[in-house]
2 protein chains.
Amino acid sequence: MSEGRAIPEATVARLAVYLRVLGSLSDGGLSTISSEALANAAGVNSAKLRKDLSYLGSFGTRGVGYVVQVLREQISTCLGVTEHRSVVLVGVGNLGHALAGYAGFGSRGFRIAGLFDADPRRIGEGISGLTVQGMDELAAVVAQEAVSIGVIATPADAAQEVCDRLVAAGVTSILNFAPAVLSVSDNVDVRKVDLAVELQILSFHEQRKAAGLKAVL
Amino acid sequence: MSEGRAIPEATVARLAVYLRVLGSLSDGGLSTISSEALANAAGVNSAKLRKDLSYLGSFGTRGVGYVVQVLREQISTCLGVTEHRSVVLVGVGNLGHALAGYAGFGSRGFRIAGLFDADPRRIGEGISGLTVQGMDELAAVVAQEAVSIGVIATPADAAQEVCDRLVAAGVTSILNFAPAVLSVSDNVDVRKVDLAVELQILSFHEQRKAAGLKAVL
DNA sequence: TAGATTGTTAATCGATTAACAATC
DNA sequence: TAGATTGTTAATCGATTAACAATC
């Protein structure tokens, strides 16, 4: 039981996309779908989709396709969406506000257990039904609400300290929106979302396109 | 000239990180650095770092390391940071506000050429020194300001239409923050940043950790 | 020369893809 | 049975890593 048949990282990311696409499809009343159709909707090719699903088991029907509901349940279970998780969000600047107001949390099994900020002027502020707390409260909330995920939306220079405090409080996964490289012990997972890096990757490709154009002319 | 010696996608993403790390290092007055030290600061191993840099050429000194300034210039040139690029941002909700206020744009060679929203009540609103415009103005601004990159920060159901209008206006790269899969012609680059997907990946790993813990006990 | 560190090779690892036998 | 589509295999491709010769 609880087999360690490792699912590739890239597959996990795509499963989350499939899950969302399946959500809108079943809202649209569709009850069954082929790998080809789902792959198109998700923007991948069908071989990759079938390979991805094969890591979860085999619950399609040859000649027919997949039952949308079954697929949703299998993927949800695999990703752990069924177990609700509490997250804390540190830093309630512009980005923190946007994240706190993000509607997708609840429907995907996440619950914001607390908002925190180091700036005393922000403490007590109400955002999306929650009240901003000071960093002193962080450890207690993480412990009481069994929080396992921390989201960092502070400026870069505060990120490492916030990270350390989150880890000390017991958080084991961190989603980092601050433009800083965090160092953590390797039992803690960190994922980073970096606007500047995304833009620079696009910029790089723009440049290549321009160079290609020149080469052609 | 303008050689097509392809730089791997993964390398491009890391180069952007190295560039930022080098920025803070040279602010700190450091003038020379070894691959080992830079790799540590960037959170990768030194072999990977050297391999990444080798795609740009070889401008380190054996036995010594790299001159920080030289490295910054080489990476900047490669990524196209030296040529300034104009971007437009569509959707000025919470997230749009956060993005519009993001300080890192200018220092990285990007300039916001316009903010747009479909909601007539938002038109005329001032954000970070810019005025929100209606979608009718989009095409003209893209053309006049030679905008090549569009950022989508709308709700999911508006994303595809906004995308189509951006592409029609002449944008060739899109950064999509809306939780929707965009379909575009393949001369247009799309990168997607998805909060829900990031959280679900973390959630998946949390689950694995919990299962591993149980297995050990 | 001795010590340090780069740049590159070759081995390994992981992910993608096409193709097709299995089977509804 | 004939047509459709899955699940899986094997080939390919790309990225990571360790190791070390080159060289400062």
Side-chain angles (χ1 to χ4, degrees), chain A residues 3-18 22 25 30-72 74-75 78 186 197 201 204-205 208, chain B residues 3-18 22 25 30-72 74-75 78 186 197 201 204-205 208:
Chain A
E3 291 230 22
R5 50 180 154 175
I7 300 182
E9 192 67 30
T11 293
V12 173
R14 284 190 298 266
L15 286 173
V17 175
Y18 303 152
L22 286 167
L25 289 173
L30 198 71
S31 69
T32 200
I33 192 167
S34 70
S35 64
E36 186 70 31
L38 179 54
N40 281 342
V44 301
N45 76 40
S46 67
K48 195 188 281 183
L49 172 82
R50 289 198 301 277
K51 182 79 177 170
D52 285 339
L53 294 181
S54 76
Y55 290 104
L56 314 193
S58 55
F59 30 78
T61 307
R62 290 168 201 237
V64 178
Y66 302 89
V67 175
V68 172
Q69 277 312 322
V70 171
L71 216 45
R72 291 182 72 180
Q74 295 292 337
I75 298 177
C78 167
D186 50 358
V197 168
I201 292 170
F204 171 78
H205 289 295
R208 302 283 311 235
Chain B
E3 290 232 23
R5 48 179 156 178
I7 300 182
E9 192 66 31
T11 293
V12 173
R14 284 190 298 266
L15 286 173
V17 175
Y18 303 152
L22 286 168
L25 290 173
L30 198 72
S31 68
T32 199
I33 191 166
S34 71
S35 63
E36 185 71 30
L38 179 54
N40 280 343
V44 302
N45 76 39
S46 68
K48 195 187 282 183
L49 173 82
R50 289 198 300 280
K51 182 78 179 173
D52 285 340
L53 294 181
S54 76
Y55 290 104
L56 314 193
S58 55
F59 30 78
T61 308
R62 289 168 202 240
V64 179
Y66 303 89
V67 175
V68 172
Q69 276 312 320
V70 171
L71 216 44
R72 290 182 72 180
Q74 294 294 336
I75 298 177
C78 168
D186 51 359
V197 167
I201 293 170
F204 172 78
H205 289 295
R208 303 282 311 235

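Labels below follow one simple rule: chain letters A, B, ... track the order of the sequence lines, proteins then strands, and each chain is numbered from 1.
- Counting to the nearest Å, the P atom of C:dT16 and the CG atom of A:L49 are 12 Å from each other.
- Side-chain N or O atoms of A:S35 include none that pairs as donor or acceptor with a backbone N or O of A:S46 at under 3.5 Å.
- Residues from residues 32-39 of chain A with heavy atoms under 4.0 angstrom of DNA chain D, sorted by number: A:S34, A:S35.
- When rounded to the nearest whole Å, the span between NZ of B:K48 and C1' of C:dA10 equals 18 Å.
- Rounding to whole angstrom units, CD of residue B:E9 and C1' of C:dA15 are separated by 15 Å.
- Considering all non-hydrogen atoms of both residues, B:V197 and A:A13 come closest at CG1-O, 3.9 Å.
- Atoms CZ (B:F59) and P (C:dG7) sit 8 Å apart, rounded to a whole Å.
- Taking 4.0 angstrom as the limit, A:Y66 places none of its side-chain polar atoms (N or O) nearer than this to OP1 or OP2 of D:dA4.
- Put simply, OH on B:Y55 is 12 Å from C1' on C:dG7, counting in whole angstrom units.
- If you measure from atom CG of A:D52 to atom P of D:dT6, you get 14 Å, rounded to the nearest angstrom.
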Dot-bracket encoding per residue of DNA chain C, Watson-Crick/G-U cut-off under 3.5 Å, | denoting interstrand = ..||||||||||||||||||||||
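- Atom CG of B:L56 is separated from atom C1' of C:dT6 by 14 Å (rounded to the nearest Å).
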Letter per nucleotide, 5' to 3', of nucleotides 18-24 of chain D [B base touched, S only sugar-phosphate touched, - untouched; heavy atoms, 4.0 Å] = BB-BBBB
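- Distance alone, capped at 3.5 Å, is enough to place a donor-acceptor pair between the B:S34 side chain and the B:A37 backbone.
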